[in-house]
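Each remark here refers to the structure printed beneath this line.
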Amino acid sequence: METSNPVAALDAAPLRSWLLDRVCPYWSERVVDQRGGFFESIDAEGRVTPAAVRHVLVQARLTYVFSHAVLLGGAPAMRTAADHGFAQLQQWSSSHRAGWARAQSMDGTVVDGARDAYDHAFIIFASAWYFRATGDRAAIAMADDAYAFMLTHLADPLHGGFFEEHPQVDRLPRRQNPHMHLLEATLAMYAATAAPKWLDASRQLVSLFESRLFDVSTGSLGEFFQRDWSAAEGAEGELREPGHQFEWVWLLNEHARASGDPDILVLADRLFEFGAAFGFASAGSLAGMVHDGVDRRGRLTAETSLLWPQTEYIKACVARCERGLPGMREAVALHVARLRAIFFRPDGANWCNQMSRMGECLSPVTPARVLYHVFLAIAEVIRSEEKIGNRR
């Protein structure tokens, strides 16, 4: 799929058609469970792999996908799927009384009652996009409830940030990951509502990134931490996930655009430089694809490649392209082409979730939660390319 003119692959109309006419209908036809909510995975042939337990994270992510698809002009089935997911999130909240439990059985019985910070970030994120798609103010109320729960039960008044879960607030190690997605969610709510509280919340998370999560000495992002946000001991404290490096690049660019303050982009550029220097396979079947893990010195710790880090690199390059940085549009085009050629199955809508360094598929099933990564990355490419087209 690589060509002498890779930017030709960025024509927004074919990408929009692929996403809205192929990928989204393929998934909505399979994962919408008429009993409520969404199924959580399919196999290589596209058959649902039912499970007895349903996770709120998956329900929120898919509600986001179908809501965003509505905004991009998807078929009426996208609105039906978005409504279906939002109704499940409402049921989950009302039946669980305070916050959203991590998992429940198909009959609605709570299986895992932990209130997880990562999950609540995605409740807020899904609410933002559902409100944009439908204008239903119940989504604003849901986001307010989720964030209020986090502030009341998960906020750490001593060291900052949020605990991993409630009621076990002493769970270690602490992770940057829930905070990254909460930043994504608060920025989405600010874009949807223009309410200052959401921009204030995003500023607090960026401040945490600057003071605690960012490793100044290497220009990299830590993953795991002790209670006081010092690095976790051993390999956990050393781990760097290139996909998260790139995800923060995109988010910090989004924050700079929303806040009008570009100063944070200095750190975003350092993150990108670290990821670009150490995060890619240099040879073999996965040459040019993002690795799953390195350490803080850039030494490889995981030769495998999941799909989602590829989408985060695409988003980071889109953000840098919009700043006018050279070579980024070509990088977007090349990585989109590689993503589709290497990871996607012949049906064009299902994918292998993780590849070995030899190019072998390591995933017998495709998690539905990863559709969020695919959709958002391609939607960002479409948005950026249409903006470029409008300037011509």
Side-chain angles (χ1 to χ4, degrees), residues 1-11 14-15 18-19 23 218-221 239-250 253 268-295 297-323 325-346 348-363 366 370 373-382 384-385:
M1 295 181 67
E2 297 178 26
T3 69
S4 58
N5 179 23
V7 171
L10 288 186
D11 188 333
L15 283 176
W18 173 56
L19 191 63
V23 176
T218 62
S220 64
L221 171 74
L239 178 65
R240 303 293 185 263
E241 294 189 23
H244 285 156
Q245 300 278 141
F246 296 128
E247 199 161 1
W248 271 97
V249 170
W250 176 72
N253 277 268
D269 289 343
R270 290 197 67 195
L271 288 175
F272 189 87
E273 290 163 6
F274 182 94
F278 304 114
F280 291 88
S282 59
S285 299
L286 294 184
M289 306 312 287
V290 183
H291 284 308
D292 288 340
V294 298
D295 69 14
R297 296 170 182 81
R299 296 175 299 195
L300 187 64
T301 63
E303 294 183 313
T304 52
S305 289
L306 285 155
L307 178 136
W308 72 261
Q310 320 312 320
T311 66
E312 302 318 303
Y313 174 66
I314 291 168
K315 286 160 56 184
C317 290
V318 167
R320 288 168 60 81
C321 175
E322 293 187 318
R323 289 170 53 199
L325 296 174
M328 290 296 99
R329 193 167 176 231
E330 291 79 6
V332 171
L334 187 57
H335 218 74
V336 169
R338 286 173 169 170
L339 176 75
R340 295 180 68 177
I342 293 173
F343 281 85
F344 273 77
R345 304 188 192 279
N350 192 359
W351 59 85
C352 174
N353 197 50
Q354 187 177 47
M355 308 286 285
S356 75
R357 66 182 181 89
M358 303 303 294
E360 302 161 323
C361 183
L362 302 176
S363 307
T366 308
V370 180
H373 288 283
V374 173
F375 188 97
L376 184 49
I378 302 304
E380 277 291 276
V381 175
I382 293 168
S384 180
E385 286 300 304

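None of the values given here were measured: they were computed from a predicted structure. We're numbering straight along the sequence, starting at 1.
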Gly288 to Phe280 - nearest heavy-atom pair and separation: O-CD2, 3.3 Å
Spatial distance of atom CD1 (Ile314) from atom SG (Cys321) [nearest 0.5 Å]: 13.0 Å
Those residues that, when tested against Phe278, pass side-chain contact (heavy atoms from CB on, under 4.5 Å) (two or more places apart): Phe274
Check: Pro309 and Asp292 side chains under 4.5 Å, non-hydrogen atoms: yes
Salt bridge (charged side-chain N to carboxylate O under 4.0 Å, His left out) partners of residues 348-359, not counting sequence neighbours, each pair once: Glu303-Arg357
With Trp308 via ring-ring contact (aromatic ring centres under 6.0 Å, His included) - residues at least two apart: His244, His373
Atom pair CZ (Arg270) and CH2 (Trp248), whose distance is rounded to the nearest 0.5 Å: 16.0 Å
Test log, rule side chain to side chain contact (heavy atoms under 4.5 Å, CB included), inputs Leu307 and Gln354: CA-CA 6 Å; Leu307 178 136; Gln354 187 177 47; over 6 Å; no
Donor-acceptor contact present, side-chain Thr311 to main-chain Ala377, <3.5 Å: no
Approximate separation, where rounding is to 0.5 Å, of Phe343 CZ and Asn353 CG: 8.5 Å
Distance (rounded to the nearest 0.5 Å) between Ile378 CD1 and Glu385 CD: 11.0 Å
Those residues that, when tested against Phe272, pass ring-ring contact (aromatic ring centres under 6.0 Å, His included) (two or more places apart): Phe246
Set of residues satisfying side-chain contact (heavy atoms from CB on, under 4.5 Å) with respect to Ala287, sequence neighbours excluded: none
Set of side-chain hydrogen bond (donor to acceptor under 3.5 Å, both in side chains) partners for Ser363, sequence neighbours left out: none
Gap between atom CE of Met289 and atom OG of Ser282 - 0.5 Å precision: 14.0 Å
Axial cation check for Trp18 ring with Arg340, 6.0 Å and 45° limits: yes
Note, His291 side chain near Leu300 side chain (heavy atom, < 4.5 Å): yes
Salt bridge (charged side-chain N to carboxylate O under 4.0 Å, His left out) partners of Glu312, counting only residues at least two apart: Lys315
Under the salt bridge (charged side-chain N to carboxylate O under 4.0 Å, His left out) test, residues paired with Glu322 that sit two or more places apart: Arg257, Arg383, Lys387
Near-ring test Trp351/Phe344, centroid separation under 6.0 angstrom: yes
Separation of Ser285 OG from Met358 CE (nearest 0.5 Å): 6.0 Å
By side-chain hydrogen bond (donor to acceptor under 3.5 Å, both in side chains) - contacts of Glu330 (at least two apart): none
Residues in salt bridge (charged side-chain N to carboxylate O under 4.0 Å, His left out) contact with Asp269, at least two apart in sequence or another chain: Arg320, Arg323
With sequence neighbours excluded, residues passing side-chain hydrogen bond (donor to acceptor under 3.5 Å, both in side chains) with Asn350: Thr366
For Arg299, salt bridge (charged side-chain N to carboxylate O under 4.0 Å, His left out) partners two or more places apart: Asp295
Close side-chain approach of Thr218 and Arg297, heavy atoms under 4.5 Å: no
Any donor-acceptor pair under 3.5 Å from Gln245 side chain to Glu241 backbone: no
Close side-chain approach of Met355 to Thr304, heavy-atom, < 4.5 Å: no
Heavy-atom side-chain proximity of Phe375 to Val23 below 4.5 angstrom: no
Sub-4.5 Å side-chain heavy-atom contact between Cys317 and His335: no
Check against side chain to side chain contact (heavy atoms under 4.5 Å, CB included), Cys352 and Arg345: CA-CA 7 Å; Cys352 174; Arg345 304 188 192 279; 4.3 Å; yes
